[in-house]
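Lettering follows sequence order; numbering is per chain, from 1. In this text, all values refer to a predicted model and were calculated from it rather than measured experimentally.
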Amino acid sequence: MNQTYESLNEMQKAAVYHTEGPLLILAGAGSGKTRVLTHRIAYLIEEKKVQPYHIMAITFTNKAAGEMRNRVNRIVGFGAEQVWVSTFHSACVRILRRYIDRIGYSNDFVIYDMDDQKRLLKDIIKRRNLDTKMYKESSVLGKISDFKNKLMTTGDVHMMAQQDFRQAQIANLYEDYQQALKKNNALDFDDLIMVTVQLFTQEPEVLESYQDRLQYIMVDEYQDTNAAQFALIRLLSSKHQNLCVVGDDDQSIYKFRGADITNILQFEKYFPNARVIKLEQNYRSTKNILNAANGVIHHNMGRKDKTLWSDNDEGNKIDLYQAEDGYAEAEMIAQTIKEEVDFGRADYSDYAILYRTNAQSRTLEEKLLMKNIPYKIIGGQNFYQRKEVKDILAYLRIIANATDDIAVERVINVPRRGIGATSITRAKDFAAANGMNLYDALLEAENIPELKRAAAKISQFTQLIEDLREEMDRLSLKELTDKVLEETGYVAELAAENTDEANGRIENIDELVSKVAEYESGTDTPSLSEFLEEVALVSEIDNLDEDSSYVVLMTIHSAKGLEFPNVFLCGMEDGLFPGYLSIMADNEEEIEEERRLCYVAITRAMKHLTISYAKRRMLRGETQYNIISRFVKEIPAEIVNSKNITDRVAAGYEKTSFRGFGGSAGVGRSGSAGFGERKPGGNRQFATDEHRSAFKAMAKKPAYGMPSQKPAFGKEFTVTKAAIDYSVGDRVKHMKFGTGTVLNIEDGPRDYQVTVQFDSAGRKVMMASFAKLKKL
DNA sequence: TGGTAAGTAACCAAG
DNA sequence: TTACTTACCA
């Protein structure tokens, strides 16, 4: 036996050697599952002499697929590129591009993202004359997504709705939406999976050809699969039965997008002869970190019993900081990182800052910027979802697919051509009345009497598109894109604006052009539609580069599957994490999902975990007072090193921040709107020079060092204890939360801490002086 | 009829 | 705090 496999532990070996028949690998966090998967592929090829062509590995992100690909290449060498390593979505696109015409679609379909979906559905809701308050696109879209994830057709939904009026309306919307997609020659993300399943069920010989090809199938992050994905892999593997899934029920955190945890909990039911192997040895984290994670996750019921253990050192205790507010928390994090890097104890790339919601990134970003710490924010808005990028892509989409109404509507008046909402509506009505696509209607503009003067402008637009389309074959993709920019005058308009924001947008467009060029030179047979497809399927995490030296900021969701020597887990407050909604839901399952998320966060850390929370925090414009997260309390106290924030950054924080930069709530924030880095969108990464200039730009902003901020310990901090006229048991009224009962009053150093059980808003802990409670 | 200013609702997480 | 709708003016 090749010594490659000798480095594996017994359980890992068992998983690698079990090649025939269904196999469920329950792989705890950091237990080396990717290693097992790659070695398993190597083993199949080298020892079992399976043709690489017969092996498929499915992951959830392109990044994970790329990594697996590299690792397999490294172990196996020649032939490995034949292994099909892919995400669910790209695998389905590849299958559909080839065969979707068999079930009545066109092979050159486009892929709609969330934004496109919303636009499409919004229109449909309007056309059905429904109250847009009652039927919001996002919630209807959520329902439709659920239907598709469960493989429910419009017929199924109608059937289910029966005499439920609202449900029937939603079924109608679903039906209209599917029709509209088809008319636009488009599929949404969920369709990619569902339609592939439909293809396989309706066209057995297509299915069989894939079954014969894909004799060994492996699925990573199996706990995140939904019913449609499960159906897909079940179909594919049903002939040869060599399905190996790897997952961890404790890390199932995507219920909200349809992940069905029963896929993993009941795997043995679906595959009675399945072998189950548990990987419980963790190679990633210190004992303390692991114990913290175990302490938390053991509070969940209904999980497969397992306990992660480790041979690693005990390591440091978990640091726990309490901060006055979100700014102080961010300051602490930035300061700690800076000190440790300056001392040469670590590199910036050793750090990740994790949070529950994307909104938290702003404050952190601000503080990192001030301290010249290079960072990268993952998430928020994907590069390809930014307005200007989507606009240009829309032009390309129209050129590739004239039936794409959404793209047409998006840019028909961008840049301004004097074609207003009314004209567009009239054109759309005309198109709808005649069963045409919008673009075809536009071509007829001269013959639509209602359009009057707008007709000429519309013709100019269609002429522009027709010209571009005509040149398409003569030009490279890059040239075509340049041509679009030039002919539409898009960049020219932005350039004329000459604001920071407009210039940022131009930069993004330049970046798009280089991505086009990059794609073109890196592909044998580049095509516009393939480029658009790639663009539709990239995720934020895909462009995380481990080799660059920057601190990474991201949500816990994005962090799944990654690891970092040092992790900051911030915003650990009830109401933020676990989220307000999950607490309100009064449903233990929701809290359990949040708890799993917390488990994922903790287990990202290899050596050092720092948890922090703030006494008060600005959230969508108002200050909130939250108590420490219940999850923190579930970590065994003896491995927690509890510190007050001032211990850590006493000098740095109190002297510079309070006075100069407004560490207090309210001040400082206002400065963020204008500095140089504010190109619209999410991904920013700073080299030192950019930092410096951004810093300068920021320093100029009057908001910083505002005179209104009284010398240190202004009124924000030295609160005279309010004379309170209520006591425990009294009924009180709060401006926002309404009426409630006082549960507890604690005498704090600066103020009274009052716990109130509100009748509708739930339990809140607040400072008496801020809460301004009125006795009833 | 199209563009702009004030007013209002929203925010969890993502391929 | 921000993104988007409604009301209003040219």
- Which pairs with one or both residues in residues 57-69 of chain A pass side chain to side chain donor-acceptor pair (under 3.5 Å), sequence neighbours excluded? A/Asn62-A/Asp542, A/Lys63-A/Glu67, A/Lys63-A/Glu546
- Query: Which residue pairs satisfy the side chain to side chain donor-acceptor pair (under 3.5 Å) criterion with at least one member in residues 189-198 of chain A, sequence neighbours excluded?
  - Reply: A/Ser145-A/Asp190, A/Lys148-A/Asp191, A/Asn149-A/Asp190, A/Gln178-A/Asp191
- With a 4.0 Å cut-off (strictly under) to non-hydrogen atoms of chain A, the first and last hit nts on DNA chain B, 5' to 3', are B/dT1 to B/dG15
Counting the atoms with a prime plus P, OP1 and OP2 as sugar-phosphate, which does [X] contact under 4.0 Å by heavy atoms, base, sugar-phosphate, or nothing?
X        : value
A/Lys136 : sugar-phosphate
A/Thr87  : nothing
A/Phe577 : nothing
A/Asp224 : nothing
A/Phe88  : nothing
A/Arg426 : sugar-phosphate

Under the rule for salt bridge (Lys or Arg N to Asp or Glu O under 4.0 Å), what residues qualify as partners of [X], not counting sequence neighbours?
X        : answer
A/Asp250 : A/Arg303, A/Lys306
A/Glu221 : A/Lys33, A/Lys560
A/Arg356 : A/Glu594
A/Arg94  : none

- Task: Determine the Euclidean distance between corresponding P atoms of B/dC11 and C/dT6; express it in Å to zero decimal places.
- Result: 16 Å
- Query: B/dA13 and C/dC4: how far apart are their P atoms, nearest whole angstrom?
  - Reply: 16 Å
- Query: Could you give all pairs that pass the ring pair (Phe, Tyr, Trp, His ring centres under 6.0 Å) test and reach residues 130-151 of chain A, with sequence neighbours left out?
  - Reply: A/Phe147-A/Tyr174
- Applying side chain to side chain donor-acceptor pair (under 3.5 Å) to A/Thr603 and not counting sequence neighbours gives none
- Contacts of type side chain to side chain donor-acceptor pair (under 3.5 Å), residue A/Tyr490, not counting sequence neighbours: A/Asp391
- Task: Starting at atom CG of A/Leu619, determine the distance to atom P of C/dT2, rounded to an integer number of angstrom.
- Result: 13 Å
- Comparing A/Ser138 and A/Thr61 on DNA chain B - which has the more 5′ nearest nucleotide: A/Ser138
- Query: Between A/Asn358 and A/Lys457, which has a closest nucleotide on DNA chain B that is more 5'?
  - Reply: A/Lys457
- Message: Please report whether the ring centroid of A/His557 lies less than 6.0 Å from that of A/Tyr254.
- Response: yes
- Query: Is A/Asp545 salt-bridged to A/Lys376, going by a charged N under 4.0 Å from an acidic O?
  - Reply: no
- Task: Would you mind building the protein contact string for nucleotides 4-10 of chain C? One character per nucleotide, 5' to 3', B for base within reach (heavy atoms under 4.0 Å), S for sugar-phosphate only, - for untouched.
- Result: -S-----
- Message: Requiring both pairing distances under 3.5 angstrom, list the stems that contain DNA chain B and are made of three or more consecutive Watson-Crick or G-U pairs.
- Response: B:1-10 with C:1-10
